[in-house]
Structures are given as structure tokens and as C-alpha cells.
Amino acid sequence: MFLFTDNSVSESIAAKGSSSSPKLYQLVVRLYRLEMKYLYKLEIIHVAGTRMIEQGTDGLSKGQMYEGVMSGSSMLSFISLHLTASKRSPQVIDWVKSWASDDGKRSVEVLSPEGWFTRGRDHYGAGRRNIDGYWMPEYKAGIFIWEPPPGVARFAIEQLRQARMKRQHSTHLLLIPRLMTPET
Amino acid sequence: MIKAADLLFEVPVGHPVWPAEMHEPLTVAVIFPYLSRRPWELRKTGLLVELGRKLCIVLKEDPDVGRDILLELCLLTRQMDTMSVRDLCRLLRGHGGHKVSSEQGL
């Protein structure tokens, strides 16, 4: 179950599972007990207040019945957990390249999800066989843009951390719209 | 991600490349190559800590200046391995005399 709220404290304490405030802590415990009792998973996600206004929930309490989903728009159109930064705003990649490429002197590669596992780890080309006949990858450092959608950001970050430990001469740039922040 | 990133900042909504209809800001994490000598990584150095803090303000007030600072930072990181230890230490403490460390009051 997804719960979208403009209260960032709710998101934070639900993800952490704890709070220094006794009252908030009790609320978290109640949420966790409900999850265990009814076997569901509650995902609390912080969104901007302006998004809630556009989506229409905010206006309902003020009697505005013709905004957002109330006017017929799809609820899913207001939930962008599956969209990368460049899908939402294409010019963001050119902006990042404008400063990360040393004024165009170096190439900046945008990684696809497949690339998180290969090029993001400096793999380059088709590789070659060593003297024992085993295939070995070849490596080339680069500047990489990782732009996972917020919904899968934690998987991309896991790969990025591994890539960083294994190959240490590349520059990595991670772009994520600020949604599902406890996961990142 | 905060633990791994050398530089972490947010592009605010209303920035030319991240318009108001995006609603939430865009989080950008930059991970530079490791240095070949101490302090090995740029994370937590005075230069990067202060820069991350100030970038959030600069990107709101003057996006072009924010881009220029990021460009100069990227250029600087390529030169760090060839700098003398003294110059590198001064730079990483935020006293390098470069745009990223001085012009913006960083």
C-alpha cells in the first residue's frame, strides 16, 4: 500500500522504524503491528505540497471538486516513481554534460539499466580470452550518468557502490528526483 | 548514498533545467575518482563540504554561476593528482584561490 504525504517526518520515521518522540514512536509501532497482523507492506512516500494540490486531494477539503483526479485525470499520472530524471525533464542531461565534460573535451555516457552492470563498472568492448581460454572483460574509465527512477534507485545505488569499490578511476554522477528518499 | 557521494546537492524546482512542474527537487550525487595519495578521496574535505552547502543556495539564486562552479570543480579534480602536496592541502581546505573556493565566498 502506497501512502503519499507532504509530511516528511512521517516518511522518515516510518522508514527508520523509530522516533525519539514517544508519541510518534507509538504510532510507528502501531503501523508495524498492523502490517504484521494483516500481512501487507505500507510504503509512506513524501511528495511536495504542490503535487498534492495539482493531484486534487488538497482541494477536496476546500470543496474544490474539479481539480486533478476529480476532474478525470488518471491517479497514476501524478505518481512518477517510474520515471527517470531525463524522462521528466530532457534538458537535465545536457546541463549535467555541460559541466561534467570539461567543456566538451571528455565524453559523458548515460547508462541504461543494463549499463549499471557493465559499462558502469568500466567494462569496455567485447572483452577477450586470456591464455587459459577464459573470457576476460576489458576496462576503460569514463564519466557516467546514472539516472534510475526513484522506484528502483536503491538497486542502482547498490551497483554504483560496487562499481566504485572495484574500479576507482571513473567519475559517477547520480541523478534522482527527490522521491522515496529513505531508499537512497 | 550520502555515505558514498563526494558531493551531494539538490537542483531546486524552478531551475531552468528542472521546472516548477517537477514539484520535488532533483538530487545530484557526484562521485569523483579516488586520489592517488592522501586524503585518497574528496568526500568530507573542507572544500567539498562547504561547496555542497553553498551550491544549494547558488543554484536557486543564479543557475549559471552554479554551473560554472561545478565546471571548475570538475576541471580541478583532474589536476589534483599532479598538484604539489602543499597546494592540494590548501585547496582541499578551501583556500586554493580558485573560483570554487574563493569567488563565491566559499
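Just so we're on the same page: letters track the sequence lines, and every chain starts at 1.
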Output the distance between atom CH2 (A/Trp99) and atom CG (B/Leu73), rounded to the nearest 0.5 Å. 8.5 Å
Within one Ile-Leu-Val-Met-Phe-Trp-Tyr cluster: A/Ile176 and A/Phe155, side-chain cutoff 4.5 Å: yes
Ring pair (Phe, Tyr, Trp, His ring centres under 6.0 Å) with A/Tyr25: which residues, sequence neighbours excluded? none
At a heavy-atom separation under 4.5 Å, does B/Val13 approach chain A through its side chain, its backbone, both, or neither? neither
Can you tell which part of A/Glu54 gets under 4.5 Å to a heavy atom of chain B, answering side chain, backbone, both or neither? side chain
Which answer fits A/Thr50, side chain, backbone, both or neither, if we ask what part of it has an atom under 4.5 Å from a heavy atom of chain B? both
Could you tell me which residues satisfy side chain to side chain donor-acceptor pair (under 3.5 Å) with B/Asp62, sequence neighbours excluded, listed by chain and number? none
Consider only side-chain heavy atoms of I, L, V, M, F, W and Y, link residues closer than 4.5 Å, and tell whether A/Ile44 and A/Val29 are in one cluster. no
Just to verify, what does A/Ser74 make a side chain to side chain donor-acceptor pair (under 3.5 Å) with, not counting sequence neighbours? none
Does the pair B/Glu21/A/Arg51 count as a salt bridge with the N-to-O cut at 4.0 Å? no
Quick check on the interface: out of B/His15, B/Arg78, B/Met22, who has the most heavy-atom pairs with chain A under 4.5 Å? B/Arg78
Any donor-acceptor pair under 3.5 Å linking the side chain of B/Glu24 with the backbone of A/Leu179? no
The reported gap from CZ in B/Phe32 to CG in A/Leu173 (rounded to nearest 0.5 angstrom) is 7.5 Å
Just checking A/Tyr124: does its OH atom have more than 12 heavy atoms from other residues, nucleotides or ligands closer to it than 6.0 angstrom? no
Shared ILVMFWY cluster between B/Trp40 and B/Met80, side chains joined below 4.5 angstrom? no
Please indicate whether A/Tyr40 has more than 12 foreign heavy atoms, meaning atoms of other residues, nucleotides or ligands, lying under 6.0 Å from its OH. yes
For a side chain to side chain contact (heavy atoms under 4.5 Å, CB included) with B/Cys74, tell me which candidate from A/Thr171, A/Ile143, A/Asp102 qualifies. A/Asp102
Relative to chain B, which segment of A/Val47 carries a heavy atom at a distance below 4.5 Å: side chain, backbone, both, or neither? both
Would a single hydrophobic cluster contain both A/Ile45 and A/Ile157, if residues Ile, Leu, Val, Met, Phe, Trp and Tyr are joined by side-chain heavy-atom contacts under 4.5 Å? no
Treat each ILVMFWY residue as a node, draw an edge where side-chain heavy atoms are under 4.5 Å apart, and state whether A/Met180 and A/Val9 are in one component. no
Is A/Arg154 close to chain B through its backbone or its side chain, or both, or neither, when contacts mean heavy atoms under 4.5 Å? neither
Contacting region of A/Met52 [heavy-atom separation from chain B under 4.5 Å]: neither
Here the gap from B/Leu26 atom CG to A/Leu175 atom CG, rounded to the nearest 0.5 Å, amounts to 5.5 Å
Counting only non-hydrogen atoms closer than 4.5 Å, can you tell me which residues of residues 87-95 of chain A sit against chain B? A/Arg88, A/Ser89, A/Gln91, A/Val92, A/Trp95
Has the side chain of A/Arg164 got a donor or acceptor atom that lies under 3.5 Å from a matching backbone atom of B/Ile31? no
First locate atom CZ of A/Arg167, then atom OH of B/Tyr34, and finally report the distance between them rounded to the nearest 0.5 Å. 13.5 Å
